[in-house]
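To keep things clear, I will list the structure first and then write my remarks on it.
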Amino acid sequence: MKTLLILILLVVIAGALWLRFSPIDPDLWHVDPADVDNPGASGIRLIGREAPRFPGKPDDVLDAFADIALTEPRVRILDGGKDEGMMTFVARSRIFGFPDFITVKAVSEGAETKLSVASHARFRAGSDWGVNRERLDRWFAELEQRLR
């Protein structure tokens with residue numbers, strides 16, 4: 001019985017380590033939000049009319065967005081930059097390190113910039129409990145304050 005419990009504990013620890021440290025291929029996640037399938041309950045996609053608009057040039061809006069995103073713990077840039085007009089971030093959950101991918105594409109629309117966004121969990125086992133929506137709402141509110 002003791003051996004079985006130790007074996008189960010080792011499997012759980014190995015699984016948690018794999019979730020935290022498994023390699024991430026940027027080519028799979030750094031994709032134009034318009035080309036991403038709808039993430040359903042495991043994320044959010046804002047494209048076309050749903051995409052938020054902010055005053056300013058795409059480079060400035062993307063820079064401000066990146067500054068806001070990178071102030072949060074456990075968030076880093078996976079790929080892209082303002083020269084590409086698109087960036088992908090990885091945000092990890094606090095305890096197990098589940099990765100969420102947030103791709104933002106900035107496109108000029110006159111005096112404004114449209115931010116197309118796809119934010120979703122890597123592991124789509126079910127709902128993300130609104131984490132991606134809440135994160136984006138918070139970042140967009142701060143971006144709105146910063147740019148207006």
Side-chain angles (χ1 to χ4, degrees), residues 9-148:
L9 181 62
L10 289 174
V11 167
V12 168
I13 290 171
L17 290 172
W18 183 82
L19 287 173
R20 168 97 42 198
F21 298 111
S22 63
I24 296 172
D25 181 359
D27 293 336
L28 293 176
W29 304 105
H30 185 63
V31 178
D32 187 323
D35 296 333
V36 172
D37 291 335
N38 187 332
S42 69
I44 182 171
R45 184 176 69 152
L46 302 171
I47 60 172
R49 292 182 184 180
E50 295 177 328
R53 274 91 174 149
F54 298 94
K57 297 177 183 177
D59 286 357
D60 297 334
V61 174
L62 203 54
D63 269 346
F65 185 90
D67 287 345
I68 291 165
L70 295 173
T71 61
E72 291 211 1
R74 300 173 309 281
V75 174
R76 67 176 179 86
I77 295 174
L78 176 66
D79 202 354
K82 70 179 182 181
D83 57 317
E84 183 182 335
M86 186 168 82
M87 299 176 85
T88 299
F89 301 86
V90 179
R92 291 194 173 267
S93 64
R94 184 178 312 146
I95 296 172
F96 290 108
F98 292 119
D100 289 342
F101 298 97
I102 306 102
T103 301
V104 180
K105 182 178 181 181
V107 177
S108 179
E109 285 191 347
E112 292 186 317
T113 294
K114 174 177 77 171
L115 285 184
S116 297
V117 181
S119 181
H120 47 92
R122 178 178 184 180
F123 304 105
R124 298 182 184 194
S127 174
D128 74 342
W129 298 298
V131 170
N132 283 291
R133 166 67 80 175
E134 186 274 327
R135 179 188 304 117
L136 284 176
D137 287 347
R138 190 175 62 251
W139 290 358
F140 289 155
E142 190 172 335
L143 186 60
E144 183 78 28
Q145 287 181 343
R146 193 176 284 197
L147 297 175
R148 297 250 181 224

Exercise. For E84, enumerate each residue passing the salt bridge (charged side-chain N to carboxylate O under 4.0 Å, His left out) test, keeping only those at least two apart in sequence or located in another chain.
Key: none

Can you name the residues that form a side-chain contact (heavy atoms from CB on, under 4.5 Å) with [X], not counting sequence neighbours?
| X | answer |
| --- | --- |
| D67 | R146 |
| D25 | D27, L28 |
| L70 | V75, I77, F89 |
| E109 | R53, K114 |

Self-check item: Candidates R135, R74, R76 - the one meeting salt bridge (charged side-chain N to carboxylate O under 4.0 Å, His left out) with D100
Solution: R135

Got a list of side-chain donor-acceptor pairs under 3.5 Å for residues 54-66, not counting sequence neighbours?
unit_1, atom_1, unit_2, atom_2, d
D63, OD2, K82, NZ, 3.0

Search all heavy atoms of [X] against all heavy atoms of [Y] and return the closest pair with its distance.
| X | Y | value |
| --- | --- | --- |
| R45 | P39 | CB-CD, 3.9 Å |
| G97 | R92 | O-NH1, 2.5 Å |
| S119 | I102 | OG-CG1, 3.3 Å |
| P33 | K105 | CD-CB, 3.9 Å |
| I44 | L46 | CD1-CD2, 4.0 Å |

Quiz item: Pick one: which of N132, I47, V104, T103 meets side chain to side chain contact (heavy atoms under 4.5 Å, CB included) with V117?
Solution: V104

Self-check item: S93 side chain to F98 backbone, donor-acceptor under 3.5 Å
Solution: yes

Quiz item: Any sub-3.5 Å donor-acceptor pair from T88's side-chain atoms to V31's backbone N or O?
Solution: no

Quiz item: Is the closest basic N to carboxylate O distance between R138 and E134 below 4.0 Å?
Solution: yes

Practice problem: Mind running side chain to side chain contact (heavy atoms under 4.5 Å, CB included) on L115 and L143 for me, showing each step along the way? | Solution: CA-CA 11 Å; L115 285 184; L143 186 60; 3.6 Å; yes

Self-check item: From CD1 (I24) to CH2 (W29), nearest 0.5 Å
Solution: 8.5 Å

